[in-house]
Structures are given as structure tokens and as C-alpha cells.
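Presented below is the structure to which this report refers.
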Amino acid sequence: EDYFRGSVRDGAKGYADYDSLEAGNRLTAKRRLARIRKALPSARSVLDVGCGLGHFLETARNQGWSVAGFEVSRFAAEFTADKLGVRVYTGDLSQVPRLPYDVVTAWDVLEHVRDPADLLVRCRSLLASHGVIATTTGDFSSLVARVSRDRWHLLNLPEHLFFHTPASMRILARRAGLRVVRACRSGMHLPVSYLRERLRKTVGLKLPRTALD
């Protein structure tokens with residue numbers, strides 16, 4: 001629970017209040033779902049791996065998707081299941097029944113796990129034969145990362161264990177037996193309060209509150 005509703009003190013991991021990101025996460029989810037629909041118009045079911053507090057799942061369900069989630073945090077899994085009335089699996093991906101799913105998503109997950117290649121293999125095993133995996137992660141080769149160097153906000157050990165580039169993602173996909181359909185830069189909708197929190201944790205900079213919060 002502390003990861004999603006934790007302290008903003010220096011060195012703390014996770015989020016001060018993850019639910020405060022809900023409005024932006026819903027907008028981000030709508031954009032992501034539109035891209036998935038474009039790649040696979042027939043898709044009807046989705047499993048969200050690392051579903052957190054369920055913002056993406058709720059947005060997908062509201063659009064008519066059949067949804068299920070997987071989350072290692074028992075607090076988040078129970079929170080999402082209770083809130084949405086959907087099945088959220090926890091523990092290990094082997095606990096998820098092989099239905100299979102048209103789409104498996106893993107938003108900002110690959111940087112957290114000890115074996116991202118194995119995770120993609122496991123996600124592939126849950127896919128329908130025509131299915132797709134949609135995933136995002138920070139770009140270690142981006143201009144922001146290169147300019148920020150050791151101050152890059154995603155260079156956050158040991159919360160983040162791997163740092164990916166477009167080239168490394170293609171290698172991971174190939175090792176998992178996947179074919180890359182589309183690779184692109186994908187932004188997120190985030191409040192100013194989140195930017196303040198990240199800057200405080202990474203560079204110790206404190207920003208004044210504004211009417212945009």
C-alpha cells in the first residue's frame with residue numbers, strides 16, 4: 001500500500017498518492033486503447049499486467065472490453081477488484097488462466113521486473129493466436145535521459161532494475177518470439193503535483209503550488 005500511498009520524503013519509492021493521477025491516466029488509457037484498436041480492430045478482451053489501481057482497466061471496460069488484471073501488490077489487486085468488480089490475479093502470472101486474451105498490456109512494467117524477457121514470454125503464452133502485446137517503458141536513449149544523466153527521473157534504483165531503448169526492446173521482442181507491429185513514443189497525461197513530487201525526489205527541487213494542481 002505504501003507504494004501507491006506513500007511518503008514524499010527523500011529516498012521514498014513509489015507515489016505519494018497514485019489515485020491523484022486517475023484523470024490523466026484515463027486520458028492516457030483512451031489514447032492507448034485507440035492505438036490498440038487500430039492495430040487489432042477485432043480485439044475484445046484484455047489482460048492488464050501490472051494493473052495498479054485499475055485506471056486502465058476501468059477505461060477499457062467502459063469502452064466495452066472484457067477485462068482482467070494482474071498485479072503483484074495484493075493491496076492494489078484487492079482495491080481494483082473491489083472497486084471494479086473484476087478479476088485481478090496476484091502472485092505469479094502462472095496463476096492467470098489461459099483463456100486466451102486478444103490483448104495483453106504491460107504499461108511501465110518491464111523496468112521493474114528481474115527478467116523482462118521472461119515476462120514477455122509469459123505474456124505471449126496468454127495471448128490468442130491473433131493477439132498483441134502492448135507495452136511501454138522509459139527510453140534510456142532519449143534526449144531527456146542523455147541530458148539528465150544520473151538525474152534522469154526514471155533512473156530510480158532499486159525500484160527500476162532495467163533501462164530500455166528502442167533497440168533493446170526489439171531484441172526482447174525477438175527473443176520472446178514476437179513480431180514488432182509498431183514502435184513509437186507515447187506521452188502521458190500527468191498533473192503538476194506529480195512533476196513536483198518527481199523533482200523533489202530526484203533533484204531535491206521544491207516547486208510552489210499552483211492553480212494547475
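Just so you know, these numbers use all the heavy atoms, side chains as well, and skip hydrogens, waters and symmetry mates.
The shortest side-chain heavy-atom distance between S125 and R98 falls under the 4.5 Å cut-off.
Here ring pair (Phe, Tyr, Trp, His ring centres under 6.0 Å) pairs that include residues 114-144, with residues two or more places apart or in two chains, are F140-W152, F140-F163. Annotation: ring pair (Phe, Tyr, Trp, His ring centres under 6.0 Å) contacts involving residues 106-126, sequence neighbours excluded, comprise F56-W107, H112-H160. Applying the salt bridge (Lys or Arg N to Asp or Glu O under 4.0 Å) test to residues at least two apart or on different chains, the pairs with a partner in residues 26-37 are E22-R26, R26-E58.
The same ILVMFWY cluster, assembled from side-chain heavy atoms under 4.5 Å apart, contains both Y18 and F75. Hydrophobic clustering, with ILVMFWY side chains joined whenever heavy atoms are under 4.5 angstrom apart, groups L84 together with V103.
One side chain, E111 or T137, offers a donor N or O that lies under 3.5 Å from an acceptor on the other. At a cut-off of 3.5 Å, with distance as the only test, a side-chain donor of E159 or N156 sits close to an acceptor on the other residue.
Hydrophobic cluster membership for L143: V147 (Ile, Leu, Val, Met, Phe, Trp, Tyr linked by side-chain heavy atoms under 4.5 Å, directly or transitively). Cluster partners of F162 are L161, counting Ile, Leu, Val, Met, Phe, Trp and Tyr whose side-chain heavy atoms approach within less than 4.5 Å, directly or via other members. Counting Ile, Leu, Val, Met, Phe, Trp and Tyr side chains that sit under 4.5 Å apart, directly or through other members, L126 shares a hydrophobic cluster with L47, V49, F70, V72, Y89, L93, V96, L99, Y101, V104, V109, L110, V113, L119, L120, L127, I133, M169, L172, L178.
Side chain of R124 to main chain of A176: a donor-acceptor pair is present (N/O by atom type, distance under 3.5 Å, no hydrogens or angles). Side chain of D48 to main chain of G69: no donor-acceptor pair is present (N/O by atom type, distance under 3.5 Å, no hydrogens or angles).
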